[in-house]
Amino acid sequence: MTDLSYAKDPKKWEQSIRSKFPYLSNPSFAKPVVYFDNGASSQKPAEVLESVDQFYRLHYANVHRGIHRLSQEATQAFEEARSEMATFLHATTSSEIIFTKGLTEGVNLLASCLGKNLVEGDEVVVTIMEHHSNFVPWQILCEEKKLKFRVVHVDESGTLDLDHFQKQLNAKTKVVAVNHVSNTLGTINPISRIADMVHEVGATLVVDGAQAPHHFPVDVQQLKCDFYLVTGHKMYGPTGIGVLWGKENLLNQLPPYHGGGEMVDQVSVEKTTYKESPARFEAGTPNIAGAVGLAKAARFIASVGYESIIEHERELLDYAQAKLSSIPELRFIGQAKSKVGVISFVVEGCHPQDIATLLDQDGVALRVGHHCTQPLHTFFHIQGSIRASFAMYNTKDEVDHFVHALQKTIRMLIV
């Protein structure tokens, strides 16, 4: 995309990055919008939008099922996207990449398929910081099959308590589900270390990577997990598309999740047999354009360069936390040493909803509530918090605007 690195010229780098995102210069806005809700979903670079548009305009057909030229072109684009995501996550083969509707579907797929081999008395372990998408499906499974549902705690800084984690693991543990990065706290969990602990008791490790690959590189081989999930819309890609990566031998041991076309080998009145991964888990017509857009997003991130992304977002996080620390009424929720650009906080004497409403009037878009991590908020004895989450296109000038608007809002609310 550009030879310019953040370290070489931060201002030019920021200008170059921001110019790639049409939303940031939307002429319909009465005033600029500071978009700090990236933990929920990110804006899209023009090249991702154009890749989806061009696919539908010029190359669209159903995949895998036609011998005509258009079907072959669409199939090639879809399978190239699979290969691109295999490279992006450092999979050993593209057959380890399953396209899903998003991370939530991927977790439900695993809960359903892994759950078929679990029996009463087996145990599933999650953490208190999980997004509901990596909490509720396992809870449902445990209720249905009478499994033990164990939850690992965090400390006051929002760091995972590894001693407590170790105590939750035993010979009955079959599945452990943990996020790579907390969507509420920004905490980065030590996945490779967790993997060693999990595998020592013979359990399977499932990692929710929704908040990771747009902030730093993900290498599933180094992480040593068994399954890793990402979702497109948080990493500058389209909605309705995600990836489930799994070790090839494990995927081929799992039963199908959905039944339908394309995932079958032979169908007869007497019996149906199924293809191996990835077709086994991709019944029906997939989100072809979404996969194409997701692969383009992965290429976009790689072209920007992780070194520059990490340095920029680290500086932005430190700058924002320093500025917010000057507000006496503000209390941070979670301050782990290892974290990405996410800040959650409460303001004493102010309801988070009121703050977010007034900030929106000042052109600041952020998230308020429990951020689909209600158990975590209960742990911290609060009903909700305010979350500012940063992306590569955010700037210190935007932080200044946000902090000034927040200070003004607090003065209005605290009489």
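- Between the D362 side chain and the V364 main chain, no donor and acceptor come within less than 3.5 Å of each other.
- Note on R299 versus E84: salt bridge recorded, some NZ/NE/NH1/NH2 to OD/OE distance being below 4.0 Å.
- Using a cut-off of 4.0 Å between Lys/Arg side-chain N and Asp/Glu carboxylate O, K148 and E120 are scored as not salt-bridged.
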Sequence neighbours excluded and cut-off under 3.5 Å, please list the side-chain donor-acceptor pairs for residues 321-328, or say none.
from: Q321; atom 1: OE1; to: Q335; atom 2: NE2; distance (Å): 3.0
from: S325; atom 1: OG; to: Q321; atom 2: O; distance (Å): 2.6
from: S326; atom 1: OG; to: K323; atom 2: O; distance (Å): 2.6

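- Using modelled atom types, one side-chain atom of D122 and one backbone atom of V119 make a donor-acceptor pair closer than 3.5 Å.
- Considering CZ of F390 and CD of E313, their distance stands at 9.5 Å, rounded to 0.5 Å.
- Between D397 and T395, the side chains place no donor N or O within less than 3.5 Å of an acceptor N or O (distance only, hydrogens not considered).
- Residues meeting the salt bridge (charged side-chain N to carboxylate O under 4.0 Å, His left out) test with E123, sequence neighbours left out: R150.
- Side chains of E80 and Q76: a donor on one and an acceptor on the other come within 3.5 Å.
- Within the structure, every pair that satisfies the side chain to side chain donor-acceptor pair (under 3.5 Å) test and touches residues 240-260, not counting sequence neighbours, is listed here: S95-E248, E96-W245, D226-K247.
- Proximity of a side-chain donor or acceptor of T378 to a complementary backbone N or O of Q374 within less than 3.5 Å is detected.
- Side-chain contact between S385 and H377: present, with at least one pair of heavy atoms (C-beta onward) separated by less than 4.5 Å.
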Going by atom type alone, with no hydrogens or angles, which donor-acceptor pairs under 3.5 Å involve a side-chain atom of residues 187-197 and a protein atom two or more places apart or on another chain?
from: T187; atom 1: OG1; to: G158; atom 2: O; distance (Å): 2.8
from: N189; atom 1: ND2; to: N179; atom 2: O; distance (Å): 2.8
from: N189; atom 1: ND2; to: N179; atom 2: OD1; distance (Å): 2.9
from: D196; atom 1: OD1; to: K224; atom 2: NZ; distance (Å): 3.0
from: D196; atom 1: OD2; to: K224; atom 2: NZ; distance (Å): 3.0

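- Evaluation of the ring-ring contact (aromatic ring centres under 6.0 Å, His included) rule for Y56 yields Y60 as partners, not counting sequence neighbours.
- Proximity of a side-chain donor or acceptor of K145 to a complementary backbone N or O of G115 within less than 3.5 Å is detected.
- Relative ring orientation between Y393 and Y35 is described as tilted, the plane-to-plane angle lying within the 30° to 60° band.
- Scored by the salt bridge (charged side-chain N to carboxylate O under 4.0 Å, His left out) test, E14 finds no partners at all (sequence neighbours excluded).
- Looking at N183, its side chain never comes within 3.5 Å of a backbone N or O of G39 through a donor-acceptor pair.
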Distance-only donor-acceptor pairs under 3.5 Å for side chains of residues 202-210, two or more places apart:
from: D208; atom 1: OD1; to: A210; atom 2: N; distance (Å): 2.9

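- The main-chain N or O of G305 is never found under 3.5 Å from a side-chain atom of S308 such that the two would form a donor-acceptor pair.
- Applying the side-chain contact (heavy atoms from CB on, under 4.5 Å) criterion to K167, with sequence neighbours excluded, gives no partner residue.
- A salt bridge links E262 with K275: the distance from a Lys NZ or Arg NE/NH1/NH2 to an Asp or Glu carboxylate oxygen falls below 4.0 Å.
- A salt bridge is absent between E311 and R314: the closest approach of a Lys/Arg side-chain nitrogen to an acidic carboxylate oxygen does not fall below 4.0 angstrom.
- For D161, there are no salt bridge (charged side-chain N to carboxylate O under 4.0 Å, His left out) partners two or more places apart in sequence or in a different chain.
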Could you go through residues 344-354 and list every donor-acceptor pair under 3.5 Å that involves a side-chain atom there, pairing it with any protein atom two or more places apart or in another chain?
from: S344; atom 1: OG; to: T184; atom 2: O; distance (Å): 2.5
from: E348; atom 1: OE2; to: R331; atom 2: NE; distance (Å): 3.3
from: H351; atom 1: ND1; to: Q353; atom 2: N; distance (Å): 3.0

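- Taking the six-membered ring where the residue is Trp, the centroids of F216 and Y306 are separated by 6.0 Å or more.
- Judged by distance alone, with hydrogens and angles left aside, the side-chain atoms of D9 form no donor-acceptor pair with the main-chain N or O of Y6 at under 3.5 Å.
- Residues forming a ring-ring contact (aromatic ring centres under 6.0 Å, His included) with F332 (at least two apart in sequence, or on another chain): none.
- Judged by distance alone, with hydrogens and angles left aside, the side-chain atoms of N108 form a donor-acceptor pair with the main-chain N or O of T104 at under 3.5 Å.
- Across all non-hydrogen atoms, the minimal contact from Q43 to F21 is O-CE2, 3.5 Å.
- Checked by atom type, the side-chain pair H215/Q211 shows no donor-acceptor distance below 3.5 Å.
- Within the structure, every pair that satisfies the ring-ring contact (aromatic ring centres under 6.0 Å, His included) test and touches residues 95-143, not counting sequence neighbours, is listed here: F78-F99, H132-H370, F135-F149.
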Check the pair H153, F165 against ring-ring contact (aromatic ring centres under 6.0 Å, His included), reporting the backbone distance first and the verdict last.
-> CA-CA 7 Å; H153 297 164; F165 205 131; over 10 Å; no
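- For the pair K396 and Y319, the distance from NZ or CZ to the six-membered ring centre is under 6.0 Å and the angle to the ring normal is within 45 degrees.
- With hydrogens and angles left out, the side-chain atoms of H214 and S42 include no donor and acceptor closer than 3.5 Å.
- Residues D37 and R387 are paired through a salt bridge, judged by an N-O separation under 4.0 Å between the basic side chain and the carboxylate.
- Side-chain atoms of H90 do not come within 3.5 Å of backbone N or O of A86 as any donor-acceptor pair.
- Taking the charged nitrogens against the carboxylate oxygens, E50 and R57 have no contact shorter than 4.0 Å, which rules out a salt bridge.
- For the pair T75 (side chain) and Q72 (backbone), a donor-acceptor distance under 3.5 Å is absent.
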